[in-house]
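The structure under discussion appears below in the form of structure tokens.
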Amino acid sequence: MNSFLLAAQSRRVIQQNLFISLGVIALLVPSTLFGFANIGVAVFFHEGSTLIVANALRLLRFRVE
């Protein structure tokens with residue numbers, strides 16, 4: 001039963017990570033194209049998004065309650 005709970009939690013975290021990364025890209029592409037951010041700033045925000053990694057690391061703390 002633990003594996004089903006972990007799988008459900010993993011699915012939620014994967015969906016959150018996809019929305020976060022797609023949201024960052026959706027903001028950076030237009031801002032770079034219209035000149036609000038240069039390519040260096042866009043690369044910094046895209047590659048520096050450790051929020052996704054930190055979000056995924058929450059799965060290491062998974063415990064059945």
Side-chain angles (χ1 to χ4, degrees):
M1 194 56 134
N2 293 343
S3 59
F4 290 114
L5 294 173
L6 180 58
Q9 182 68 22
S10 298
R11 183 181 177 108
R12 284 191 292 272
V13 169
I14 289 169
Q15 287 176 341
Q16 290 170 0
N17 289 345
L18 283 172
F19 288 131
I20 291 169
S21 60
L22 290 176
V24 167
I25 291 172
L27 289 174
L28 288 177
V29 169
S31 65
T32 303
L33 289 176
F34 294 119
F36 298 123
N38 62 14
I39 194 70
V41 173
V43 169
F44 175 75
F45 278 110
H46 183 265
E47 297 300 324
S49 58
T50 57
L51 180 64
I52 295 170
V53 175
N55 191 29
L57 287 176
R58 293 184 309 137
L59 290 172
L60 293 175
R61 296 183 301 154
F62 180 79
R63 299 288 184 259
V64 177
E65 293 142 6

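Reckoned from all heavy atoms, side chains included, excluding hydrogens, waters and symmetry mates.
Side-chain contact between Leu27 and Ser31 is absent, with no heavy atoms from C-beta onward closer than 4.5 Å. Looking at heavy atoms from C-beta onward, Asn55 lies in side-chain contact with Val13 at the 4.5 angstrom threshold.
The two atoms that bring Leu6 and Phe62 nearest to each other are N-CZ, 3.5 Å, heavy atoms only. Among all heavy-atom pairs drawn from Pro30 and Ile25, the shortest one is CD-O, 4.2 Å.
If you take CD1 on Ile52 and CG on Leu57, they are separated by 12.0 Å, rounding to the nearest 0.5 Å.
Under the 3.5 Å distance criterion, with hydrogens and angles disregarded, no donor-acceptor pair is assigned to the side chains of Gln16 and Arg11. Checked by atom type, the side-chain pair Arg12/Gln15 shows no donor-acceptor distance below 3.5 Å.
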